[in-house]
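Inspection log for the structure reproduced underneath, given as structure tokens.
None of these values were measured; they are calculated from a predicted model.
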Amino acid sequence: MFITDDFLLSNDTARHLYHAHAERLPIIDYHCHLAPQQVAEDYRFRSITELWLGGDHYKWRAMRANGVPEKYITGDADDWSKFQKWAETVPYTLRNPLYHWTHLELKTAFGITELLTPASARRIFDRCNELLQSEGYSARGLMRHYNVEAVCTTDDPCDTLEYHRQVKNDGFEIKMLPAWRPDKAMAVEDVTAYNAYIDRLAEVAGKEINTLDSLLDALKTRHDYFAGNGCSVADHGLSEVPYAETTYKEAAKLWLKVRQGQTLNKAEAAQVQTALLIELCRMNAEKGWVQQLHFGPLRNVNTRAARTLGPDTGFDTIGDWRSAANLARLLDALDSDDRLAKTILYNINPADNTVTAAMTANFQDGRTAGKMQFGAAWWFNDQLSGMRQQLDTLSSQGLLSRFVGMLTDSRSFLSYPRHEYFRRLLCDILGDDIERGLIPNEAMECVEQMTEDICYYNAKRYFNF
């Protein structure tokens with residue numbers, strides 16, 4: 001068997017930490033992209049293909065690299081044909097995290113321990129589809145199966161949050177909470193798309209938006225609405241971290257130009273985005289929310305693919321902008337009047353790990369333990385080497401014991417084994433340190449508590465879930 005009970009656990013101490021302290025803890029998935037409607041409707045998937053391959057750009061990128069035509073990835077091929085092409089690709093993913101994730105998901109969700117190959121594909125396809133028709137394999141059933149306690153979805157200020165209310169009113173025991181994601185309110189570069197979005201926001205907020213003040217008033221209205229629907233987490237997706245010296249008055253003038261249909265240059269856009277981001281972050285602080293800053297992706301780099309397939313189809317990549325100076329200025333601007341919220345920083349470029357981890361220490365306030373967090377290995381980094389680098393860097397620059405742990409950042413109800421993957425690696429690292437004498441045996445009780453805290457309790461306290 002490939003995925004054994006001791007998978008990734010290379011020593012006795014690691015096995016003890018995982019099986020006695022990490023394995024059975026609930027999951028708090030504080031950043032994901034699940035569709036709230038599917039949870040509200042307790043959606044049943046027609047096949048393993050829809051559940052597993054629909055929307056999974058990690059698998060799509062691997063299939064393209066393996067020479068699979070787009071018809072079998074995002075195209076109109078039938079479910080079996082798409083699954084067959086994925087099964088043909090899996091043996092070529094050795095040493096890619098997809099190989100581990102694939103077999104972890106098959107085992108933990110379906111009890112399948114056979115390797116996925118072209119020869120086994122039909123058996124596995126049929127068995128998974130058979131199980132998907134049974135009790136316990138709906139959207140809510142899978143969340144229960146994986147011992148999920150809470151999830152935070154990713155929601156635009158214009159979202160009605162009707163499905164979050166429905167889930168709550170149904171009495172579903174797992175919390176599904178919204179997370180505020182106001183990126184479109186800052187996307188001033190595309191004037192046409194931006195103004196269409198602002199018109200929509202004005203309609204939803206019930207306010208005319210013709211000045212920067214009125215935009216912020218509308219956003220504040222929606223921010224309050226989100227809070228009233230259980231939101232306590234904000235998420236800000238950034239390419240470059242914006243910080244341009246400006247006055248609010250100057251930013252308001254530049255914003256008005258956009259509203260009038262004029263295109264700003266890069267420097268002017270940065271001024272507007274800086275002013276907006278600061279005000280949005282102040283809103284977060286005033287409500288005591290946690291804010292997450294994801295920065296560094298270079299999006300839609302393949303223009304032909306973006307034109308034919310649209311965004312979020314697997315054509316984003318790692319950007320290499322310098323982030324330290326702007327990030328420091330942004331955080332300092334918020335901290336200067338004590339309006340810096342609890343903040344998690346995620347860098348997509350692993351070259352920024354030490355920069356980001358060190359930055360958090362500059363803005364710890366001595367009142368809230370772990371207030372500033374160096375976030376989990378994100379996107380291109382959420383594999384064994386990337387997670388290990390993140391854990392090692394955090395250990396070197398801060399307090400690993402205060403870390404809020406892993407998330408899925410996924411659209412899939414089968415992605416929860418990423419928490420297991422992380423927990424196994426964490427226990428292996430800590431167990432190895434003890435066995436090598438880097439952590440004393442006398443500190444075992446502390447290490448056991450640390451393991452439980454990182455896997456569950458730190459997040460529960462940090463987010464107040």
Test item: [X] and [Y] side chains (from C-beta on) under 4.5 Å apart, heavy atoms:
| X | Y | result |
| --- | --- | --- |
| Leu98 | Val90 | no |
| Ile278 | Tyr243 | yes |
| Pro242 | Leu277 | yes |
| Asp382 | Pro97 | no |
| Leu391 | Leu400 | yes |
| Arg388 | Leu425 | yes |
| His16 | Glu448 | yes |
| Met176 | Met143 | no |

Answer yes if the ring centres of [X] and [Y] are under 6.0 angstrom apart, and no otherwise.
| X | Y | answer |
| --- | --- | --- |
| His145 | Tyr416 | no |
| His294 | Trp379 | no |
| Phe403 | Phe374 | no |
| Phe45 | Tyr137 | no |
| His21 | His19 | no |

(request) Using ring-ring contact (aromatic ring centres under 6.0 Å, His included) as the criterion, list what pairs up with Tyr18, not counting sequence neighbours. (result) none

(request) Apply ring-ring contact (aromatic ring centres under 6.0 Å, His included) to Tyr163 and list each qualifying residue two or more places apart in sequence or on a separate chain. (result)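 Counting only residues at least two positions away or on another chain, Tyr163 forms no ring-ring contact (aromatic ring centres under 6.0 Å, His included).
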
Using a distance-only test with no angle check, is there a side-chain donor-acceptor pair under 3.5 angstrom linking [X] and [Y]?
| X | Y | result |
| --- | --- | --- |
| Asn458 | Arg461 | yes |
| His419 | Asn147 | no |
| Ser410 | Ser415 | yes |
| Gln273 | Glu189 | yes |
| Tyr58 | Gln383 | no |
| Thr356 | Asn347 | yes |

(request) Kindly state each residue pair satisfying side-chain hydrogen bond (donor to acceptor under 3.5 Å, both in side chains) with at least one member in residues 85-98, sequence neighbours excluded. (result)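 Non-adjacent pairs meeting side-chain hydrogen bond (donor to acceptor under 3.5 Å, both in side chains): Asn66-Thr89.
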
Please determine if [X] and [Y] form a salt bridge, counting it only when a charged side-chain N lies under 4.0 Å from a carboxylate O.
| X | Y | value |
| --- | --- | --- |
| Arg418 | Asp409 | no |
| Arg282 | Asp337 | yes |
| Asp12 | Arg15 | yes |
| Arg339 | Glu286 | yes |
| Arg424 | Asp428 | no |
| Arg127 | Glu130 | yes |

(request) Give every residue pair that meets the salt bridge (charged side-chain N to carboxylate O under 4.0 Å, His left out) criterion with at least one member in residues 58-67, sequence neighbours excluded. (result)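 Pairs touching residues 58-67 that pass the test: Asp56-Lys59, Arg64-Glu70.
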
(message) Suppose the criterion is salt bridge (charged side-chain N to carboxylate O under 4.0 Å, His left out): which pairs have a residue in residues 97-118, not counting sequence neighbours?
(response) Asp5-Lys107, Glu114-Arg123

(message) Using side chain to side chain contact (heavy atoms under 4.5 Å, CB included), reason through Ile344 and Tyr462 one step at a time and then give a plain yes or no.
(response) CA-CA 11 Å; Ile344 308 176; Tyr462 191 76; 3.9 Å; yes

Could you give the distance from [atom1] ([X]) to [atom2] ([Y]), rounded to the nearest 0.5 Å?
| X | Y | atom1 | atom2 | value |
| --- | --- | --- | --- | --- |
| Thr74 | Leu309 | OG1 | CG | 4.5 Å |
| Thr102 | Leu116 | OG1 | CG | 7.0 Å |
| Asp316 | Asn302 | CG | CG | 10.5 Å |
| Thr343 | Gln364 | OG1 | CD | 9.5 Å |
| Asn229 | His164 | CG | NE2 | 8.5 Å |
| Cys152 | His31 | SG | NE2 | 10.0 Å |

Short side-chain to backbone donor-acceptor contact, [X] and [Y], under 3.5 Å:
| X | Y | result |
| --- | --- | --- |
| Thr393 | Gln390 | no |
| Asp352 | Val355 | no |
| Tyr30 | Gly405 | yes |
| Trp289 | Cys231 | yes |
| Asp183 | Leu238 | no |
| Thr451 | Ala22 | no |
| Asp29 | Val151 | no |
| Ser138 | Tyr43 | no |
| Ser239 | Pro297 | yes |
| Lys82 | Glu50 | no |

(message) Walk me through whether Leu25 and Tyr457 qualify under side chain to side chain contact (heavy atoms under 4.5 Å, CB included).
(response) CA-CA 9 Å; Leu25 289 171; Tyr457 291 105; 4.2 Å; yes

Using atom types as modelled, flag every donor-acceptor pair under 3.5 Å from a side chain in residues 436-446 to any protein atom, sequence neighbours excluded.
{"unit_1": "Arg436", "atom_1": "NH1", "unit_2": "Asp432", "atom_2": "OD2", "d": "3.4"}

Take atom [atom1] of [X] as the centre, draw a 6.0 Å sphere, and report whether it contains more than 12 heavy atoms from other residues, nucleotides or ligands.
| X | atom1 | answer |
| --- | --- | --- |
| Arg402 | CZ | no |
| Lys287 | NZ | yes |
| Asp190 | CG | yes |

(request) Verify side chain to side chain contact (heavy atoms under 4.5 Å, CB included) between Gln291 and Leu334, making sure each step is shown before the conclusion. (result) CA-CA 12 Å; Gln291 63 190 14; Leu334 296 167; 4.3 Å; yes

(request) In sequence, state the C-alpha distance, the side-chain angles, and the governing distance for Asn362 and Met372, and then conclude on side chain to side chain contact (heavy atoms under 4.5 Å, CB included). (result) CA-CA 9 Å; Asn362 300 316; Met372 302 295 296; over 6 Å; no

(request) For the pair Asp155 and Thr153, evaluate side-chain hydrogen bond (donor to acceptor under 3.5 Å, both in side chains) and give the outcome as yes or no after the intermediate values. (result) CA-CA 6 Å; Asp155 309 282; Thr153 57; 2.7 Å; yes

